[in-house]
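Notes follow once the structure below has been shown.
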Amino acid sequence: MDAVIEACTAALARPGTVLALTGAGVSAESGVPTFRGKEGHWTIGAEEYHPQELATHDAFSRMPWDVWAWYLYRRGLCHEAEPNPAHRALVEWDAALGDRFALVTQNVDGLHRRAGSPDARLHEIHGDIDLMRCARDCTPERFEIPPIVPATPKGVPVAEAVRAHLHCPKCGAMARPHVLWFDESYDEPRYHLDTVRRLAAGATLVVIAGTSAKTNLPWQVVALAAQNGAAIVDINVEPNPFGEIAAESAGAIRAPAGEALPALVRALT
Ligand code: OAD
């Protein structure tokens with residue numbers, strides 16, 4: 001930890017943005033199942049699905065209400081969860097660094113916002129499980145999923161009365177969850193692609209926490225930041241490709257985010 005703190009202190013002394021890049025592991029200690037962990041599986045009829053099969057436009061086109069049931073179930077888990085010390089540490093860092101700080105998250109659970117991270121510096125690159133948008137793209141606008149829509153318990157189909165609320169308020173077509181699916185691409189209006197690339201290219205320090213490094217934009221963030229000479233830190237309970245990059249840079253910390261992030265932020269502020 002001492003070597004990581006030293007490298008981060010040197011990076012902070014240089015000009016540039018401080019980026020935190022988070023994944024599902026940051027919310028694991030809040031009880032939200034990680035994406036690729038065993039608890040993420042889902043059964044429809046006799047079939048067991050992996051999240052990677054359900055989080056696709058293709059699955060939504062074939063079985064929209066089954067995909068909605070899965071998201072409404074996950075939305076319920078997110079609502080039951082509370083932010084943990086990792087989320088709160090990033091709020092403290094934001095308050096200490098102000099405009100110099102940016103938080104890029106793959107999480108759709110809303111816990112960073114509920115912890116107090118301000119919208120202006122929070123970039124949700126995979127969407128927000130509380131929002132929906134027109135499945136026919138009549139407008140890029142996002143709408144809150146009406147609070148009257150309840151959590152769907154596991155194995156229970158979405159009731160007809162509930163389905164009636166999951167339509168685009170503008171054109172009446174079916175709505176879809178506002179999340180990026182595996183067979184879709186990042187863009188600026190919905191997923192902050194250009195903003196995040198720009199922030200990464202101007203970063204002096206990137207602290208990564210709780211991600212398995214399986215998605216594209218986080219890789220771009222790390223590559224662009226490294227090109228700028230940024231120091232890279234990785235916090236994860238498991239070895240992962242970002243950990244290997246960090247080990248060659250400011251360092252990899254093998255510890256739960258709820259312990260390591262508060263300790264790091266405390267040492268640097
Ligand atoms: P994953 O589920 O792939 O990975 C979670 C990571 O968190 C793993 O590397 C774990 O070792 C680590 N981890 C678990 N508990 C932890 C803890 N307490 N502290 C620190 N690390 C911990 O989740 P992501 O990498 O976030 O996107 O997955 C990225 C994206 O994959 C998701 O956002 C999802 C999917 O594409 C969409 O649905 C659009």
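Just so it is clear, the values below take in all heavy atoms, side chains as well, and ignore hydrogens, waters and symmetry mates. Atoms within a ligand are numbered from 1 in the order they appear, just like the ligands themselves. These numbers were taken from a predicted model, which means no experiment stands behind them.
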Mark up the atoms of ligand 1 that fall under 4.0 Å of a heavy atom belonging to [X], in ascending order.
X: Gln106; result: 29 (C), 30 (C), 33 (O)
X: Leu180; result: 37 (C), 38 (O), 39 (C)
X: Ala28; result: 15 (N)
X: Gly23; result: 26 (O)
X: Glu29; result: 17 (C), 18 (N), 19 (N)
X: Ala24; result: 23 (O), 24 (P), 26 (O)
X: Ala257; result: 17 (C), 19 (N), 20 (C)
X: Thr215; result: 29 (C), 30 (C), 31 (O), 36 (O)

Before accepting this row, confirm whether a basic side-chain N of the pair [X]/[Y] lies closer than 4.0 Å to the acidic partner's carboxylate O.
X: Glu124; Y: Arg113; answer: yes
X: Asp194; Y: Arg198; answer: no
X: Arg121; Y: Asp99; answer: yes
X: Glu82; Y: Arg114; answer: yes

#### Entry: With Arg100 via salt bridge (Lys or Arg N to Asp or Glu O under 4.0 Å) - residues at least two apart
none
### Query
In chain order, what residues pass the salt bridge (Lys or Arg N to Asp or Glu O under 4.0 Å) check against Asp187, with sequence neighbours excluded?
Arg190
#### Entry: Centroid-centroid under 6.0 Å between Tyr186 and His126 rings
yes
### Query
With distance as the sole test, does His123 use its side chain to make a donor-acceptor pair with the main-chain N or O of Asp119 at under 3.5 Å?
no
### Query
Nearest heavy atom to atom 5 (C) of ligand 1: which of Ala209, Gly210, Gly243 does it belong to?
Gly210
### Query
Considering His126, Gln52, Arg74, which one's heavy-atom position lies nearest to atom 33 (O) of ligand 1?
His126
### Query
So is Phe182 close enough to ligand 1, meaning a heavy atom under 4.0 angstrom away?
yes
### Message
Just to check, does Asn236 reach to within less than 4.0 Å of ligand 1 when the distance is taken from its heavy atoms?
### Response
yes
[X] versus ligand 1: do any nitrogen or oxygen atoms come within less than 3.5 Å of each other?
X: Pro256; answer: no
X: Ser212; answer: yes
X: Lys214; answer: no
X: Ala255; answer: no

### Task
Using the six-membered ring wherever Trp is involved, compare the ring planes of Phe60 and Trp68 and label them parallel, tilted or perpendicular (cut-offs 30° and 60°).
perpendicular
### Query
In terms of the angle between their ring planes, are Tyr71 and Trp181 parallel, tilted or perpendicular, with boundaries placed at 30° and 60°?
tilted
